[in-house]
Engineer: 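The structure follows.
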Amino acid sequence: MLTLKDCADFCDLNFDDLMAIEEFAHLSPVEACAYIEELSATPRGCRQLLEMMQEHVERVEKGSNNERVREAHEALNHFAATHHFV
């Protein structure tokens, strides 16, 4: 049986990356993994995901505590470092 961690690992995501896309796109965690996997196959899709994550960071910065802001920034940086945009 696959776990959510297995799905996230398959997409090369950490939990915060997954949560950012899940919250932004209003998807379940498994649906978010499938969506991310589909988009991350192309540079254009990676740019779309990065935009979603950036918007998520901006929302978090407006209303969350410092820990959540730090986690959102770390997720964005991790995604940017592990995916191809060109």
Side-chain angles (χ1 to χ4, degrees):
M1 175 183 349
L2 288 174
T3 66
L4 180 56
K5 182 176 179 347
D6 294 331
C7 293
D9 288 346
F10 179 77
C11 296
D12 192 26
L13 300 171
N14 65 29
F15 188 69
D16 289 322
D17 294 334
L18 177 60
M19 291 298 294
I21 300 301
E22 175 188 342
E23 289 174 18
F24 181 85
H26 305 287
L27 300 170
S28 74
V30 173
E31 289 172 322
C33 285
Y35 184 62
I36 292 164
E37 181 60 24
E38 180 181 334
L39 287 179
S40 66
T42 66
R44 181 178 180 177
C46 286
R47 290 190 299 272
Q48 288 177 302
L49 289 168
L50 190 63
E51 288 174 20
M52 288 181 213
M53 294 183 78
Q54 180 61 42
E55 288 181 29
H56 174 73
V57 166
E58 291 169 5
R59 267 196 328 273
V60 168
E61 287 176 336
K62 290 179 183 176
S64 294
N65 63 42
N66 289 338
E67 180 65 20
R68 185 65 190 125
V69 171
R70 183 188 62 73
E71 290 170 353
H73 278 276
E74 285 179 0
L76 177 69
N77 291 335
H78 174 263
F79 184 83
T82 58
H83 291 80
H84 302 285
F85 301 95
V86 287

Engineer: Could you tell me the separation between the NE2 atom of H56 and the CG atom of L49, rounded to the nearest 0.5 Å?
Structural biologist: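 So the NE2 of H56 and the CG of L49 are separated by 13.5 Å.
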Engineer: Tell me, yes or no, whether the heavy-atom count around N65 atom CG, taken from other residues, nucleotides or ligands under 6.0 Å, exceeds 12.
Structural biologist: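 Result for CG/N65: enclosed.
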Engineer: Between atom CE of M52 and atom CD1 of I36, what is the distance when rounded to the nearest 0.5 Å?
Structural biologist: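 Here the interatomic distance stands at 8.5 Å.
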Engineer: Under the ring-ring contact (aromatic ring centres under 6.0 Å, His included) test, which residues partner H83, sequence neighbours left out?
Structural biologist: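 Per chain and number, H83 pairs via ring-ring contact (aromatic ring centres under 6.0 Å, His included) with F79.
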Engineer: Do R44 and R47 come within less than 4.5 Å of each other through their side chains, counting heavy atoms only?
Structural biologist: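 The answer is yes, as the side chains (C-beta and beyond) meet within the 4.5 Å cut-off.
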Engineer: Can you see which heavy atom on V57 is nearest to which on A72, and at what distance?
Structural biologist: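 Where V57 meets A72 most closely, the heavy atoms are CG2-O, 3.6 Å.
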Engineer: L39, L76: one ILVMFWY side-chain cluster at the under-4.5 Å cut-off?
Structural biologist: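 Linked within one cluster.
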Engineer: Give every residue pair that meets the side chain to side chain donor-acceptor pair (under 3.5 Å) criterion with at least one member in residues 24-35, sequence neighbours excluded.
Structural biologist: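 Every side chain to side chain donor-acceptor pair (under 3.5 Å) pair that includes a residue of residues 24-35, provided the two are not neighbours, is S28-E31.
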Engineer: Starting at CG of L4, measure out to SG of C33 and round the result to the nearest 0.5 Å.
Structural biologist: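 With rounding to 0.5 Å, CG (L4) is 5.5 Å from SG (C33).
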Engineer: Which pairs count as salt bridge (Lys or Arg N to Asp or Glu O under 4.0 Å) when at least one residue sits in residues 76-86, sequence neighbours excluded?
Structural biologist: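 The answer is none; no pair qualifies.
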Engineer: V69, L50: one ILVMFWY side-chain cluster at the under-4.5 Å cut-off?
Structural biologist: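 Shared cluster, no.
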Engineer: According to side chain to side chain donor-acceptor pair (under 3.5 Å), who are the partners of D6, at least two apart in sequence or on a separate chain?
Structural biologist: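 Applying side chain to side chain donor-acceptor pair (under 3.5 Å) to D6 gives T3.
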Engineer: If a pair satisfies salt bridge (Lys or Arg N to Asp or Glu O under 4.0 Å) and one of its residues is in residues 54-66, list it, with sequence neighbours excluded.
Structural biologist: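 Qualifying pairs, neighbours excluded: none.
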Engineer: For the atom pair NE2 (H78) and OG1 (T82), what is the distance rounded to the nearest 0.5 Å?
Structural biologist: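 If I round to the nearest 0.5 Å, the distance is 4.5 Å.
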Engineer: Give me each pair satisfying salt bridge (Lys or Arg N to Asp or Glu O under 4.0 Å) with a member in residues 65-85, each pair once, sequence neighbours excluded.
Structural biologist: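 As it turns out, the salt bridge (Lys or Arg N to Asp or Glu O under 4.0 Å) pairs with a partner in residues 65-85, which skip direct neighbours, are D16-R68, E23-R68, E67-R70, R68-E71, R70-E74.
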Engineer: Which distance, rounded to the nearest 0.5 Å, do you find between the CG of L18 and the NZ of K5?
Structural biologist: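 Spacing of CG (L18) from NZ (K5) equals 11.5 Å.
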